[in-house]
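Presented below is the structure to which this report refers.
By convention in this document, chain letters (A, B, ...) are assigned in the order of the sequence lines, proteins followed by strands, and residues within each chain are numbered from 1.
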Amino acid sequence: MNAETNWTPDQPMVSATDVHKSFGELEVLKGVSMDVMKGECVCIIGPSGSGKSTFIRCINALNDIQQGSITVEGQEVNDPNLNKLELRKKVGMVFQQYNLFPHKTALENIMMAPVKVLKQDPKEVEDRARELIKKVRLEGKEDNYPGELSGGQQQRVAIARSLAMRPDVMLFDEVTAALDPETVKEVLVTIQQLAEEGMTCILVTHEMGFAREVANHIYFTDRGIIVEHGPPDTFFDDAKDPRTKEFLSQIL
Amino acid sequence: MMVSRWIAGLPWWTPVAILALIFAWPLTAAAQGKFTYTDAMGELFRWMPFLLTKGFLFNVIISFFAMGIGTMAGACLGLAQISQNPATRNLAKFATQAFRNSPWLVLLYIVLLALPFEIVIFGIIVPVPDWMKAVIGLALPIMANVSEVVRGAVQSVPTAQWEASEALAFSRMQTLWQIILPQCFKRMIPPWMNWYAILTMATPLCSLLGVEELITLSRQAMEGSDNHPELLVPFYGFAMLIFFAYCYPIARWTISLERKYAVKL
């Protein structure tokens with residue numbers, strides 16, 4: 001990341017302005033803007049195909065954008081000279097399908113990036129990885145391979161794997177969508193704990209109850225634009241836009 | 001995998017059948033001359049140690065060298081095929097397809113004629129014997145096919161694995177070597193062994209270049225035994241038996257590894 005960015009913690013940690021993104025002819029983001037302050041937890045909800053997953057993938061440059069601006073701690077992401085690796089050291093991401101490395105144990109999955117990418121001392125990283133295992137309540141599963149763990153357990157390893165890089169922002173892309181209803185809760189509790197500790201979180205989720213309880217701010221997207229946003233209580237109890245109302249009436 | 005599966009699927013009595021054919025031959029030939037079938041078999045047994053130690057062993061040596069060179073070159077070519085640089089990628093794709101789809105014998109002749117019989121390195125004359133050219137000629141199609149094995153294995157790893165590593169700030173090279181290749185390495189072994197079996201069975205092609213391997217020596221041995229037509233079936237049948245005995249265990253092993261490493265998703 002450029003040392004000369006004048007970012008200070010009172011400015012938005014993640015700031016998106018008029019973001020446009022197309023896949024060929026299909027425009028999936030048609031001018032999305034949002035600001036996320038340090039320590040905030042933001043939930044993006046909306047019908048499938050509304051562009052919400054695409055949007056958070058743009059934040060760590062997994063997708064590029066055609067127009068507009070996204071900054072992370074003042075660093076412009078929509079920049080051809082962007083050092084993507086430096087950006088991604090600051091932005092952790094957890095996926096719907098966990099995407100753990102199947103040939104590595106839970107502990108190795110967590111240790112890999114700090115050791116190989118950040119070149120940190122393996123001993124120190126291992127201590128930290130064991131702490132993280134404890135944090136996501138998976139003591140005893142250190143030496144299990146992903147294939148031996150349940151979906152919820154794998155997802156918690158994936159969260160720990162991301163946290164091991166000590167990111168400033170965490171992106172969660174529908175992380176409970178592939179889980180059994182019983183295991184959804186154990187993952188949500190982990191995320192809630194993170195949010196309460198002050199981690200900046202951006203979540204794409206379908207868990208309305210969770211969003212209401214944990215989020216500082218809710219964004220509702222539909223067909224590539226943000227239709228409505230606000231604090232959870234206002235959003236859920238007093239939605240203004242007919243599309244939001246319709247969506248909420250179907251979900252709740 | 002087709003070849004290994006076919007060989008491994010042959011019934012246990014295949015070598016017996018080949019032997020039976022060798023022994024049944026004189027019944028149809030109804031030898032009228034003085035040279036009987038028993039004499040032919042006697043000649044075969046007399047030549048057998050020579051054919052094995054000077055002939056077939058050389059086929060094995062050629063196959064080892066060709067496989068080694070082909071594998072190393074093929075691994076590089078396969079990785080070039082998944083390069084992000086379009087020029088590298090397209091060149092590697094073209095080379096792979098060109099060598100994969102050329103007749104092996106044509107490649108052998110091209111190498112034989114294109115390479116000099118000696119090269120000069122720092123004033124020292126290093127001869128390039130025909131068997132070395134044969135090794136290179138056989139290594140070319142192996143290279144192309146190993147290249148495809150590598151490309152296929154790498155692409156069999158879900159793209160989500162690339163994304164997960166990218167999101168953890170792994171560079172592309174780190175992702176390839178730390179995450180992707182360790183996952184698909186085992187998957188490359190069965191097809192790689194299959195190509196080894198195919199290569200071994202192709203080594204008699206070298207006899208056409210005058211390399212003294214099993215078939216060349218069998219022909220010379222038959223000439224040494226006055227070229228009686230009765231010699232043909234025992235000698236070539238023996239060659240077939242040797243190749244079968246060598247390739248059959250490899251094929252069985254390939255199939256069992258293939259089952260063991262089958263992609264579990």
Side-chain angles (χ1 to χ4, degrees), chain A residues 1 53 56-64 83-104 108-120 145-148 154-155 157-167 169-173 175 178, chain B residues 71 75 78-79 82-90 146 149-193 254 256-265:
Chain A
M1 197 111 330
S53 283
I56 72 163
R57 290 165 56 91
C58 292
I59 297 175
N60 71 346
L62 278 185
N63 288 343
D64 56 347
N83 186 338
K84 289 183 181 178
L85 301 186
E86 287 304 316
L87 170 75
R88 288 168 185 158
K89 286 176 189 170
K90 299 196 162 203
V91 184
M93 183 158 193
V94 185
F95 299 86
Q96 181 176 344
Q97 295 293 345
Y98 345 124
N99 302 352
L100 292 179
F101 305 134
H103 61 303
K104 298 281 177 185
E108 288 168 339
N109 260 281
I110 299 170
M111 290 176 60
M112 236 184 145
V115 173
K116 302 287 182 191
V117 176
L118 302 179
K119 314 277 182 211
Q120 290 171 349
Y145 285 89
E148 301 162 349
Q154 288 190 55
Q155 194 58 292
V157 174
I159 293 172
R161 180 175 71 171
S162 248
L163 290 175
M165 292 290 280
R166 292 189 171 134
V169 189
M170 285 287 286
L171 309 175
F172 295 90
D173 185 7
V175 290
Chain B
T71 302
L79 293 179
I82 48 169
S83 162
Q84 278 191 313
N85 180 334
T88 311
R89 191 174 58 232
N90 290 333
V146 168
V149 168
V150 171
R151 185 191 59 80
V154 167
Q155 289 183 346
S156 75
V157 177
T159 51
Q161 288 287 315
W162 286 93
E163 280 187 350
S165 331
E166 275 177 58
L168 286 167
F170 279 87
S171 69
R172 198 178 155 83
M173 275 296 144
Q174 281 173 327
T175 305
L176 184 65
W177 289 97
Q178 311 275 354
I179 311 290
I180 305 298
L181 288 176
Q183 283 186 51
C184 60
F185 179 72
K186 281 181 183 171
R187 269 177 235 167
M188 298 183 208
I189 296 174
W192 179 80
M193 286 169 61
T254 305
S256 74
L257 284 181
E258 193 191 18
R259 270 194 214 117
K260 199 168 137 195
Y261 299 150
V263 184
K264 294 177 209 102
L265 287 177

Partner residues of K104(A) under the salt bridge (Lys or Arg N to Asp or Glu O under 4.0 Å) criterion, sequence neighbours left out: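 Per chain and number, K104(A) pairs via salt bridge (Lys or Arg N to Asp or Glu O under 4.0 Å) with no residue.
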What are the two closest heavy atoms between A164(B) and F101(A), and how far apart are they?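 Heavy atoms of A164(B) and F101(A) come nearest at CB-CE2, 4.3 Å.
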So which heavy atom on L168(B) is nearest to which on V117(A), and how close?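 Closest approach of L168(B) to V117(A), heavy atoms only: O-CG2, 3.9 Å.
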If you measure from NZ on K116(A) to OG1 on T175(B), what distance do you get to the nearest 0.5 Å?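 So the NZ of K116(A) and the OG1 of T175(B) are separated by 12.5 Å.
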Could you state the interatomic distance from CD (E163(B)) to CG (N63(A)), rounded to the nearest 0.5 Å?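 CG of N63(A) is found 7.5 Å from CD of E163(B).
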Chain B contact via R57(A) - side chain, backbone, both or neither, heavy atoms under 4.5 Å: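 It is the side chain, since no backbone atom gets that close.
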Between V94(A) and chain B, which part of the residue has a heavy atom less than 4.5 Å away: side chain, backbone, both or neither?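 Looking at V94(A), nothing touches chain B.
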For E108(A), give me all partners under side chain to side chain donor-acceptor pair (under 3.5 Å), at least two apart in sequence or on another chain.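 With neighbours one apart ignored, the set is T105(A).
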Sidechain-backbone polar pair: Q161(B) side chain, L100(A) backbone, donor-acceptor under 3.5 Å: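 Such a contact is found between Q161(B) side chain and L100(A) backbone.
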Test item: M112(A) and I179(B) side chains (from C-beta on) under 4.5 Å apart, heavy atoms: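 Yes. Closest side-chain heavy atoms under 4.5 Å.
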Atom group of Q174(B) that falls short of 4.5 Å from chain A, counting heavy atoms: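 For Q174(B), side-chain heavy atoms alone lie under 4.5 Å from chain A.
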Please rank G92(A), A61(A), A113(A) by heavy-atom pairs under 4.5 Å with chain B and give me the top one.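 Top count of heavy-atom pairs under 4.5 Å with chain B: A113(A).
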